[in-house]
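Got a structure for you, questions after.
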Amino acid sequence: MSTSGQPQFRYTQTPSKVLHLRNLPWECTEEELVELCKPFGKIVNTKCNVGANHNQAFVEFADLNQAIQMVSYYASSSEPAQVRGKTVYIQYSNRHEIVNNKSPGDVPGNVLLVTIEGVEAGDVSIDVIHLVFSAFGFVHKIATFEKAAGFQALIQFTDAETASSARNALDGRSIPRYLLPEHVNSCSLRISYSAHTDLNIKFQSHRSRDYTNPYLPVNPTAMEGLLQPALGPDGKKKEPESNVLLASVENMQYVVTVDVLHTVFSAFGTVQKIAIFEKNGGTQALIQYPDVTTAAVAKDALEGHCIYDGGYCKLHLSYSRHTDLNVKAFSDKSRDYTIPDSSLLAVQQVPVLPAAPTVWQNSQAASMYPGNEYAAATAVHSQVSAGQAPSWNPTMQAGRSTYMQVPSTFPGQTYPASPVPAYGTAATPVGSSPLLHSSPVSPVVASVTMTQPGFHTNVRPSGASPPNQPPYYGQ
DNA sequence: AGCACA
């Protein structure tokens with residue numbers, strides 16, 4: 001009102017709680033703005049990426065004096081205001097409040113509203129959603145529902161920072177195909193912030209989970225695949241889910257060692273224990289994960305796949321009745337990776353220094369979002385977090401840089417001197433292959449022969465074959 | 001490097 005009609009000159013501009021900032025770096029984030037301005041007072045609102053070049057912004061202080069403090073500080077300072085090394089020019093805005101700053105969905109909070117486009121509600125299980133979002137931090141609760149917008153989920157994180165890292169990384173991306181039913185072609189995530197801060201989950205069910213409260217009652221009607229046998233799609237009784245998988249190996253042309261299994265199954269999370277045994281003339285193995293979710297994903301991803309190309313060592317997976325295996329810590333038929341102090345086995349236990357098998361785990365994680373969707377970024381994350389749990393371990397907290405758009409470098413290149421066990425060479429493609437192949441029926445190991453740019457370093461084609469093991473390609 | 005609902 002008072003400013004209308006007349007051009008404003010900077011020396012006549014009247015102070016305002018709202019400051020206009022220009023010459024900001026491209027796509028300057030709200031965090032960067034707040035970082036710059038908060039020493040002078042409480043910021044109640046911002047508007048970023050304003051102007052044709054998206055290099056201007058507005059910041060509104062709670063109090064006029066705070067804005068005056070900032071302007072006068074930089075007016076007399078020898079150090080200009082800077083963001084990312086760029087000098088930022090600050091002046092009073094000719095408005096007195098930031099209006100209609102954001103649509104509600106853009107106000108950061110700890111709860112995300114995720115719309116999963118292109119799928120039916122039944123196509124994406126809550127376990128898959130949990131797995132995908134757990135890469136960024138502990139997921140407290142999930143509630144799914146169907147609205148006009150489609151299949152949606154509310155996902156509660158500890159804080160807005162975690163939620164926004166997940167949002168920034170996943171908004172507009174797709175859930176990897178191998179986590180979805182075959183008939184799903186595309187499925188993109190639209191993510192905004194919910195106004196909720198704490199979801200009220202009443203039951204553990206196929207549509208809602210509270211991971212902070214494992215003792216929450218299971219909804220008897222909505223329950224599916226939890227704790228008790230449920231009916232599968234074919235109407236037959238479905239075995240109860242378990243964190244332990246029973247794998248039977250069909251057409252076992254080559255010996256399947258503990259190490260091979262470990263490499264294969266580590267692609268989906270921390271493998272705690274493995275036991276191999278003979279039954280009915282065939283070879284079976286039990287693979288223990290920390291949780292049912294990881295086991296479920298591994299089961300779905302690996303079922304029917306072959307460890308070695310050419311249809312050899314085909315895996316058939318079911319849930320074991322066991323929940324905690326009692327195995328010898330180190331024998332040729334069993335392994336307990338939770339024993340922390342063995343130098344041979346400690347790699348599972350978040351070592352301080354990267355160790356070869358851990359790097360491999362991360363190589364696996366790197367390929368979790370293959371192709372043009374997540375590609376290069378995940379690899380870099382692998383470097384960053386080498387030595388930690390793989391990305392898809394739901395307990396892992398370090399996934400925030402996972403999906404940055406950065407040039408591709410694979411962890412294998414980061415530790416060229418790392419001793420890579422030969423068995424790792426043989427088995428590594430197994431874990432990565434279902435990810436690299438859109439077709440779930442591809443032999444697991446086939447990625448070895450692929451020449452997909454940017455991915456070849458992931459599979460160590462030059463590694464030696466293990467003693468007493470055939471080459472895993474050709475044959 | 002100079003003001004945002006288009």
Side-chain angles (χ1 to χ4, degrees), chain A residues 1-109 111-115 117 147-150 152 160-161 163-165 167-168 171-173 188-196 405:
Chain A
M1 309 294 169
S2 61
T3 60
S4 65
Q6 296 171 0
Q8 294 297 308
F9 302 98
R10 72 179 165 206
Y11 45 86
T12 61
Q13 260 185 307
T14 53
S16 165
K17 288 188 298 187
V18 181
L19 299 182
H20 176 230
L21 297 86
R22 57 206 153 82
N23 201 36
L24 289 160
W26 167 254
E27 299 275 298
C28 171
T29 65
E30 178 176 44
E31 288 70 29
E32 289 171 309
L33 273 187
V34 169
E35 214 45 49
L36 177 70
C37 301
K38 76 176 178 202
F40 301 95
K42 181 174 168 53
I43 295 145
V44 297
N45 213 343
T46 64
K47 190 171 185 69
C48 307
N49 302 323
V50 165
N53 294 327
H54 280 222
N55 62 354
Q56 301 175 35
F58 296 91
V59 171
E60 180 177 341
F61 282 100
D63 190 87
L64 176 64
N65 287 325
Q66 297 167 344
I68 294 173
Q69 291 272 322
M70 183 162 183
V71 169
S72 49
Y73 174 84
Y74 283 112
S76 60
S77 168
S78 55
E79 296 282 307
Q82 290 191 333
V83 172
R84 278 185 244 162
K86 273 194 86 179
T87 296
V88 177
Y89 301 90
I90 302 169
Q91 61 190 156
Y92 299 113
S93 172
N94 51 27
R95 306 205 195 171
H96 289 91
E97 61 180 351
I98 296 176
V99 292
N100 202 14
N101 174 52
K102 289 163 179 160
S103 59
D106 288 331
V107 180
V111 178
L112 296 178
L113 172 62
V114 180
T115 304
E117 298 172 338
K147 276 275 180 66
Q152 296 188 301
E161 287 66 43
S164 69
S165 70
R167 187 184 109 114
N168 293 338
D171 189 21
R173 316 305 270 268
S188 49
L189 302 173
R190 289 291 156 206
I191 306 179
S192 60
Y193 296 103
S194 165
H196 291 95
Q405 293 304 316

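A note on names: the letters A, B, ... follow the listed sequences, proteins ahead of strands, and every chain is numbered from 1.
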By salt bridge (Lys or Arg N to Asp or Glu O under 4.0 Å), D106(A) pairs with (sequence neighbours left out) R167(A)

Between CD of E97(A) and P of dA4(B) the distance, given in whole Å, is 15 Å

In whole angstroms, the gap separating P of dG2(B) from CG of N23(A) amounts to 8 Å

Across all chains, not counting sequence neighbours, the side-chain contact (heavy atoms from CB on, under 4.5 Å) partners of T87(A) are P80(A), Q82(A), Y89(A)

Note: contacts of residues 55-66 of chain A with DNA chain B (heavy atom, under 4.0 Å) are Q56(A), F58(A)

By nearest-heavy-atom nucleotide on DNA chain B, the more 5' of K86(A) and G51(A) is K86(A)

note: N53(A), atom CG; dC3(B), atom C1'; distance rounded to Å ~ 14 Å

Closest of dC3(B), dA1(B), dA4(B) to the R22(A) side chain is dA1(B)

Those residues at least two apart in sequence (or on a different chain) that pass side-chain contact (heavy atoms from CB on, under 4.5 Å) with E97(A) are E60(A), V99(A)

>> Would V83(A) and L21(A) count as a side chain to side chain contact (heavy atoms under 4.5 Å, CB included) here? Give the steps.
In response: CA-CA 11 Å; V83(A) 172; L21(A) 297 86; over 6 Å; no

Separation of dA1(B) atom P from Y92(A) atom OH, nearest Å, is 23 Å

Sequence neighbours excluded, the answer for side-chain contact (heavy atoms from CB on, under 4.5 Å) partners of E27(A) is N49(A), H54(A)

Residue pairs passing the salt bridge (Lys or Arg N to Asp or Glu O under 4.0 Å) test with at least one member in residues 31-43 of chain A, sequence neighbours excluded, are E32(A)-R84(A), E35(A)-K38(A)

